[in-house]
Amino acid sequence: QKMLEEWRSFELANRVQSVDLSDPKNPQVVAVSDGITKKVFLPKDNFGKKLQLALEHLAGREKDFAGVDVSETSPRLIPN
(Lines give C-alpha, C1' and ligand atoms only; values in the text may rest on other atoms or scores of the structure.)
Protein backbone atom coordinates (compact mmCIF):
# COMPACT_ATOMS: atom_id res chain seq x y z
CA GLN A 1 0.00 0.00 0.00
CA LYS A 2 2.74 2.45 0.99
CA MET A 3 4.73 1.64 -2.16
CA LEU A 4 1.76 2.26 -4.42
CA GLU A 5 0.92 5.56 -2.70
CA GLU A 6 4.50 6.79 -3.11
CA TRP A 7 4.67 5.69 -6.75
CA ARG A 8 1.39 7.50 -7.42
CA SER A 9 2.71 10.67 -5.78
CA PHE A 10 5.75 10.53 -8.09
CA GLU A 11 3.50 9.55 -11.05
CA LEU A 12 5.37 6.26 -11.46
CA ALA A 13 2.68 3.69 -10.61
CA ASN A 14 1.89 3.01 -14.28
CA ARG A 15 5.55 2.11 -14.92
CA VAL A 16 5.59 -0.76 -12.38
CA GLN A 17 4.66 -4.14 -13.84
CA SER A 18 5.25 -6.39 -10.84
CA VAL A 19 6.47 -6.34 -7.25
CA ASP A 20 8.43 -9.07 -5.45
CA LEU A 21 8.13 -8.86 -1.67
CA SER A 22 9.32 -12.40 -0.94
CA ASP A 23 12.14 -10.73 1.03
CA PRO A 24 10.56 -7.65 2.67
CA LYS A 25 14.00 -6.23 3.49
CA ASN A 26 14.94 -6.29 -0.21
CA PRO A 27 11.89 -5.41 -2.32
CA GLN A 28 12.22 -5.74 -6.07
CA VAL A 29 10.08 -4.43 -8.89
CA VAL A 30 9.95 -4.89 -12.62
CA ALA A 31 9.50 -1.44 -14.11
CA VAL A 32 9.24 -0.11 -17.63
CA SER A 33 11.93 2.27 -18.84
CA ASP A 34 11.68 3.49 -22.43
CA GLY A 35 9.37 0.59 -23.27
CA ILE A 36 11.76 -2.03 -21.89
CA THR A 37 11.14 -3.94 -18.65
CA LYS A 38 13.95 -3.79 -16.09
CA LYS A 39 14.48 -5.16 -12.60
CA VAL A 40 14.90 -2.59 -9.83
CA PHE A 41 16.17 -3.44 -6.35
CA LEU A 42 14.70 -1.00 -3.83
CA PRO A 43 15.45 -0.10 -0.21
CA LYS A 44 12.99 -0.70 2.64
CA ASP A 45 11.61 2.85 2.33
CA ASN A 46 11.58 5.93 0.08
CA PHE A 47 10.03 3.83 -2.68
CA GLY A 48 8.92 6.72 -4.88
CA LYS A 49 12.14 8.69 -4.71
CA LYS A 50 14.31 5.60 -5.22
CA LEU A 51 12.27 4.25 -8.15
CA GLN A 52 12.48 7.65 -9.80
CA LEU A 53 16.26 7.66 -9.24
CA ALA A 54 16.55 4.15 -10.72
CA LEU A 55 14.63 5.06 -13.86
CA GLU A 56 16.64 8.25 -14.30
CA HIS A 57 19.85 6.26 -13.89
CA LEU A 58 18.73 3.75 -16.55
CA ALA A 59 17.48 6.35 -19.03
CA GLY A 60 19.15 5.91 -22.40
CA ARG A 61 20.99 2.77 -21.24
CA GLU A 62 18.07 0.33 -21.03
CA LYS A 63 19.49 -2.00 -23.70
CA ASP A 64 22.89 -2.18 -22.02
CA PHE A 65 21.81 -3.18 -18.50
CA ALA A 66 19.46 -5.72 -16.90
CA GLY A 67 18.41 -3.32 -14.17
CA VAL A 68 19.58 -1.13 -11.34
CA ASP A 69 20.08 -1.52 -7.60
CA VAL A 70 19.13 1.59 -5.63
CA SER A 71 18.92 -0.14 -2.26
CA GLU A 72 22.18 1.45 -1.12
CA THR A 73 23.40 5.05 -1.15
CA SER A 74 24.62 5.07 -4.77
CA PRO A 75 22.78 3.46 -7.70
CA ARG A 76 24.51 0.43 -9.19
CA LEU A 77 23.70 -0.69 -12.74
CA ILE A 78 23.32 -4.44 -13.20
CA PRO A 79 24.96 -5.84 -16.35
CA ASN A 80 22.98 -7.98 -18.82
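All values below were derived from every heavy atom in this structure, side-chain atoms included, with hydrogens, water molecules and symmetry-related copies excluded. Just so it is clear, the model here is predicted, and its values are computed rather than measured.
- Atom-to-atom distance recorded for Leu53:CG and Ser74:OG is 9.0 Å, nearest 0.5 angstrom.
- With rounding to the nearest 0.5 angstrom, the NZ atom of Lys50 is 13.0 Å from the NZ atom of Lys44.
- Every residue was checked against the salt bridge (Lys or Arg N to Asp or Glu O under 4.0 Å) condition with Arg61, not counting sequence neighbours, and none meets it.
- Judged by distance alone, the side chain of Lys38 and the main-chain N or O of Phe65 form a donor-acceptor pair under 3.5 Å.
- Here CG of Leu51 is found 9.5 Å from CE of Met3. Values are rounded to the nearest 0.5 Å.
- The two residues Pro43 and Pro27 come nearest to each other via the heavy atoms O-CG, 3.2 Å.
- Applying side-chain hydrogen bond (donor to acceptor under 3.5 Å, both in side chains) to Asp69 and the options Arg76, Lys39, Gln28, His57 leaves one that passes, Arg76.
- Put simply, CG on Asp64 and CD1 on Ile78 are 14.0 Å apart, with the number rounded to the nearest 0.5 Å.
- The only member of Leu42, Leu21, Leu12 that meets side chain to side chain contact (heavy atoms under 4.5 Å, CB included) when paired with Val29 is Leu42.
- Going from atom CD of Gln52 over to atom CZ of Arg15 covers 9.5 Å, rounded to the nearest 0.5 Å.
- Across all their heavy atoms, Ser33 and Glu62 have their closest contact at OG-OE2, 2.7 Å.
- Taking CG from Asp20 and CZ from Phe41, the interatomic distance works out to 9.0 Å, rounded to the nearest 0.5 Å.
- Glu56 contributes no side-chain N or O that, together with a main-chain N or O of Ala54, makes up a donor-acceptor pair within less than 3.5 Å.
- Shortest non-hydrogen contact noted between Gly67 and Leu58 is O-CD2, 4.1 Å.
- The minimum heavy-atom distance linking Ala66 with Pro79 is given by the pair CB-O, 3.5 Å.
- In the hydrophobic clustering of this structure, Phe10 does not group with Val30; members are Ile, Leu, Val, Met, Phe, Trp, Tyr whose side-chain heavy atoms approach within less than 4.5 Å, directly or through other members.
- At a threshold of 4.5 Å between non-hydrogen side-chain atoms, the residues Val16 and Phe47 do not count as touching.
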